[in-house]
Amino acid sequence: LKESYKKAITATDEMLKAKFREMFGKMEDRNGKLATGAICIGEIAELVTKGTTPTSIGFQFQDEGVNFLKAENITDDGRFMRETMMHISRACNDKLRRSQLMVGDYLFSIAGVIGRTAIVDESILPCNTNQAISIIRLKELSELDRAFFGVLLRSDFVLKQCELQQKQTAQANISLEDVRNIQIPLPPLSLQREFVAIADKAESAKANLKKSIAAIDQVMKGLING
């Protein structure tokens, strides 16, 4: 049963990829780039930046204070794990003004693990981040549904572009310029919202399947431990 649930999760992912290709694939050229109806993130962003490791500028982490976010504090489905976050002083946060997070910022990991994504909300503020996470702050655009942009950042289409740009150093990474150059489709708002609705249903189905897997694991653990 557990394996069936895992296969269903994979099938749901594949369905969403197929739906993306069906709706927007005609925009792609042979290299996977968007030939028409394309726009780069750099064109729609007010800011694309990243943070710094506090210890590199003379500050230390501490038990309490301003939240400090790393890629490992973001789950694969875009949730924040506050209990695992480190903290910095307000003085350090003031020094790292460039990477102070704001509500509505999109976070996209660019080092270590590529493409882990989240949207900043009030629950983690005040918060800062390091150089492994890029911060994308969008302009106010009437032609872009922000939920659609969030779905795109998690899409296979964007991740494939990152793979093409990925550089191998001590760890896998892409640059801020690579992030600015990521292309996304900008179809009519009606199509954007249609795809968001489909993606939301897919994510809801996957969440329920994962809960079922976790419940099975819990039952098995109880049986083993008596």
Side-chain angles (χ1 to χ4, degrees), residues 12-21 23-25 27-28 32-34 37-51 69-81 99 101-121 124 127 129-141 143-166 172-187 189 191-204 206-207:
T12 302
D13 285 335
E14 292 304 316
M15 178 278 296
L16 196 58
K17 292 176 187 177
K19 192 63 181 178
F20 184 94
R21 288 192 295 270
M23 294 178 70
F24 311 117
M27 297 180 177
E28 292 185 35
K33 293 288 188 179
L34 288 169
I39 194 164
C40 291
I41 286 178
E43 297 177 66
I44 59 174
E46 175 186 318
L47 177 72
V48 178
T49 188
K50 62 181 180 180
L69 188 71
K70 297 182 179 181
E72 54 263 37
N73 305 131
I74 301 174
T75 65
D76 289 337
D77 56 356
R79 291 178 291 108
F80 296 110
M81 296 186 288
S99 49
L101 301 184
M102 296 174 57
V103 171
D105 284 346
Y106 293 84
L107 307 179
F108 189 80
S109 62
I110 58 174
V113 56
I114 307 296
R116 192 166 288 177
T117 305
I119 304 174
V120 176
D121 59 34
I124 65 165
C127 188
T129 188
N130 67 5
Q131 66 272 21
I133 297 179
S134 64
I135 304 163
I136 303 170
R137 192 167 296 158
L138 294 181
K139 300 174 184 176
E140 290 297 328
L141 297 168
E143 64 269 32
L144 175 67
D145 184 283
R146 293 180 70 91
F148 179 66
F149 182 76
V151 170
L152 283 176
L153 282 184
R154 295 191 297 272
S155 72
D156 190 57
F157 178 78
V158 164
L159 292 179
K160 282 183 178 178
Q161 291 184 62
C162 293
E163 288 172 6
L164 289 173
Q165 299 299 328
Q166 188 171 302
N173 71 90
I174 60 173
S175 68
L176 290 180
E177 190 60 27
D178 293 332
V179 174
R180 293 186 187 97
N181 288 333
I182 290 173
Q183 290 185 306
I184 62 167
L186 196 62
L189 278 171
L191 282 182
Q192 294 179 41
R193 289 166 181 162
E194 180 183 342
F195 187 73
V196 168
I198 294 168
D200 285 347
K201 288 180 181 178
E203 288 302 319
S204 179
K206 284 169 58 180

If I take atom SG from residue C40 and atom CD1 from residue I182, how far apart are they, to the nearest 0.5 angstrom? 9.5 Å

Which is it for F157 and F24 under the ring-ring contact (aromatic ring centres under 6.0 Å, His included) test, yes or no, and what are the steps along the way? CA-CA 10 Å; F157 178 78; F24 311 117; 9.0 Å; no

Under the side-chain contact (heavy atoms from CB on, under 4.5 Å) rule, what do L191 and F148 come out as? Steps first, then yes or no, please. CA-CA 10 Å; L191 282 182; F148 179 66; over 6 Å; no

If the condition is side-chain hydrogen bond (donor to acceptor under 3.5 Å, both in side chains), which residues does E177 pass it with, not counting sequence neighbours? R180

Would you say the side chain of I133 lies within less than 4.5 Å of the side chain of F108, judging by non-hydrogen atoms? no

In short, K50 meets Q131 closest at the heavy-atom pair CD-O, 3.6 Å

Can you find a heavy atom in the side chain of D145 that is under 4.5 Å from one in the side chain of F195? no

Give me the atom names and distance for the closest heavy-atom approach of F149 to I184. CD1-CD1, 3.8 Å

For residues V196 and A147, report the shortest heavy-atom separation together with the two atoms involved. CG2-C, 3.8 Å

Does any part of the side chain of F20, heavy atoms only, come nearer than 4.5 Å to the side chain of L152, both counted from C-beta? yes

Are the side chains of D105 and L47 in contact, using a 4.5 Å heavy-atom criterion? no

To the nearest 0.5 Å, atom CG of L153 lies from atom CG of L159 at 9.0 Å

Please check: side-chain N/O of Q161 versus main-chain N/O of Q183, any donor-acceptor pairing under 3.5 Å? yes

Positive for side-chain hydrogen bond (donor to acceptor under 3.5 Å, both in side chains) with K206, one of D77, T12, D13: D13

Examine distances only and state if a side-chain atom of S134 and a backbone atom of T49 form a donor-acceptor pair shorter than 3.5 Å. no

D178 side chain to S175 backbone, donor-acceptor under 3.5 Å: yes

How long is the straight-line distance from CZ of R21 back to NZ of K17, given to the nearest 0.5 Å? 8.0 Å

Check L16 against A199 and note the closest heavy-atom contact, atom names and distance. CD1-CA, 3.8 Å

Distance-only, no hydrogens or angles: does the R146 side chain make a donor-acceptor pair with backbone N or O of G104 under 3.5 Å? yes

Heavy atoms of M81 and I74 approach each other most closely as CE-N, 4.2 Å

Any chance you could measure C162, atom SG, to N181, atom CG, to the nearest 0.5 Å? 11.0 Å

Among T117, V120, I119, the one residue meeting side chain to side chain contact (heavy atoms under 4.5 Å, CB included) with L107: V120

Using modelled atom types only, decide if a donor and an acceptor are shared between the side chain of S204 and the backbone of K201 within a distance under 3.5 Å. no

Heavy-atom check, side chain of I110 versus side chain of I174, under 4.5 Å: yes

Between Q192 (side chain only) and L186 (backbone N and O only), is there a donor and an acceptor less than 3.5 Å apart? no

L144 and I39, any side-chain heavy atoms less than 4.5 Å apart: no

Restricting to non-hydrogen atoms, name the atom on I135 and the atom on L101 that form the minimum distance, rounded to 0.1 Å. CD1-CD2, 3.5 Å

Would you call E46 and L138 a side-chain contact if the rule is heavy atoms closer than 4.5 Å? no

Do I44 and K139 touch side chain to side chain, with heavy atoms closer than 4.5 Å? no

Salt-bridge test for K160 and E163: reply yes if a basic N is under 4.0 Å from a carboxylate O, no otherwise. no

